[in-house]
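These numbers were taken from a predicted model, which means no experiment stands behind them.
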Amino acid sequence: MTIVNGIEFNGFILYGADEPLLKKEPNQHVNGLIDCNKVWHENEWQKQYLFLGESSIS
């Protein structure tokens, strides 16, 4: 069994739990749900949304 915290595949990113909330340090960088939403919420009109992921595809 494999435990995955977030996923990045083919240009799509599904956010995982933020690194400070984890019991052990991950072996790869994690795009944390809380940290990424802080960035998204810098734009006032986006504060009404919860972002679960993003896409690097235009």
Side-chain angles (χ1 to χ4, degrees):
M1 182 167 106
T2 302
I3 297 174
V4 178
N5 183 25
I7 191 166
E8 184 173 347
F9 178 75
N10 203 23
F12 295 100
I13 300 171
L14 181 63
Y15 302 141
D18 291 86
E19 291 180 15
L21 301 175
L22 302 174
K23 290 183 180 178
K24 68 177 197 173
E25 187 175 326
N27 58 1
Q28 292 180 324
H29 172 72
V30 174
N31 291 313
L33 179 74
I34 296 170
D35 285 340
C36 289
N37 272 275
K38 285 180 184 177
V39 174
W40 282 108
H41 291 164
E42 288 177 0
N43 293 322
E44 190 65 34
W45 66 273
Q46 292 179 333
K47 290 183 178 181
Q48 61 185 330
Y49 301 106
L50 173 65
F51 295 90
L52 301 176
E54 62 187 82
S55 170
S56 64
I57 300 172
S58 297

Q: Which residues end up grouped with V30 if you chain together Ile, Leu, Val, Met, Phe, Trp and Tyr wherever their side-chain heavy atoms are less than 4.5 Å apart?
A: none
Q: Quick one: side chain to side chain contact (heavy atoms under 4.5 Å, CB included) partners of Y49, sequence neighbours excluded?
A: W45, F51
Q: To the nearest 0.5 Å, what is the distance between CD on E19 and NZ on K24?
A: 13.0 Å
Q: May I ask you to check whether over 12 heavy atoms, not counting those of E25, lie within 6.0 Å of atom CD?
A: no
Q: Nearest 0.5 angstrom please: L50 CG to N37 CG, how far?
A: 5.0 Å
Q: Rounded to the nearest 0.5 Å, how far does NE2 of H41 lie from CD of Q46?
A: 7.5 Å
Q: Using a 3.5 Å cut-off and no angle test, enumerate the donor-acceptor pairs between side-chain atoms of residues 3-18 and protein atoms at least two apart in sequence or in another chain.
A:
from: N5; atom 1: OD1; to: A17; atom 2: N; distance (Å): 2.6
from: N5; atom 1: ND2; to: A17; atom 2: O; distance (Å): 3.2
from: Y15; atom 1: OH; to: W40; atom 2: NE1; distance (Å): 2.9
from: Y15; atom 1: OH; to: E54; atom 2: OE1; distance (Å): 2.4
from: D18; atom 1: OD1; to: I34; atom 2: N; distance (Å): 2.9
from: D18; atom 1: OD2; to: D35; atom 2: N; distance (Å): 3.0

